[in-house]
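Working notes, beginning with the structure itself.
Counting starts at 1 for both ligands and their atoms, following the listed order. Quick caveat, the model's predicted, so the values are computed rather than measured.
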Amino acid sequence: MAEPLFLQSQMHEKIWGGNRLKKEFGYDIPSETTGEYWAISAHPNGVSLVKNGLYKGFLLDKLYAEHRELFGQSKSPVFPLLTKILDANDWLSVQVHPDDQYALEHEGELGKTECWYVISAEEGAEIIYGHNAQSKAELRDLIEAEDWEQLLTRIPVKAGDFFYVPSGTMHAIGKGIMILETQQSSDTTYRVYDFDRMDDQGQKRELHIEASIDVLNIGAPANSSPASLALEGIKTTLLVSSPFFAVYKWEIDGSVKMQQTVPYLLVSVLDGSGSITVDEASYPLKKGDHFILPSDVKAWEFTGNLTMIASHPNGH
Ligand code: ZN
């Protein structure tokens, strides 16, 4: 029987985390410094579990390995995407991620291109998106001088904004922001600057200056230009289509029938409630639910008032 695969996933505590994953999304959190919910993940550092149906109890990595037919017989050796919700109660480190080639050579995993849909942002919230150095030599000079004011590009953000963050982009999510992140399935981060913070053991987190200088791009990052199309019952916004993934925002008001046009989809409900009907079986949907529409789900109907982010891998 074709069915959506609802997932239960892992929380990650972080020095910069907060309690909004519980307050805003109703999840159980381990502490008041919970930073990330790895909502759809087959990465070994936090694998999702199927909650319903024939595959109930399967870990997503095992499901992907043993039932590739659910994923369009994808040739990618690992489930390629990772969806997270982040609660930045404080600044994340200023960081950069390597591309596939560098990461495979140095870390033995995929590189990391990511993107952010801003769920909410406090008044005055900012991110770091890119840097001002014009050459690798200037980049090194400004990092070694710790001249962060001169080096880092700050941008104000608000709910609904979207940022495409290719590998090699200097970035940091700022205090007071919640985002849904769609990224390659990777956990490799090179930290450039961590605001001289100490953890509860009095330790600073490790920096990775040389690796960062190796992989940082020169030149401003090019953000995507989201495009919307409104039809009966749904407004679809293509947030980005990159070599790694495509990401969409779906806003449902009423009901809409849809068909599977890609091997499979990852879907996250960010607001509202309603249902999805597949082969005459109806499944309730609410804010905070995450599910996969596998290859055998050829068509479905959404009903209700729902804001969702959907994604699928591209070219892998
Ligand atoms: Zn990052």
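Ring to ring, Phe162 and Tyr117 are not that close: their centroids are 6.0 angstrom or more apart.
Expressed to the nearest 0.5 Å, how far CD of Glu206 lies from NZ of Lys204 amounts to 13.5 Å.
Donor-acceptor pairing under 3.5 Å is recorded for the side chains of Asn314 and Ser241. A donor and an acceptor atom, one from each side chain of Ser31 and Glu13, are located under 3.5 Å apart.
The atom of His171 nearest to the Zn ion (ligand 1) is NE2, with the search restricted to N, O or S atoms.
Among the atoms of Glu114, an N, O or S atom falls under 2.8 Å from the Zn ion (ligand 1). Note on Gln95: counted as a metal contact of the Zn ion (ligand 1), an N/O/S atom lying under 2.8 Å.
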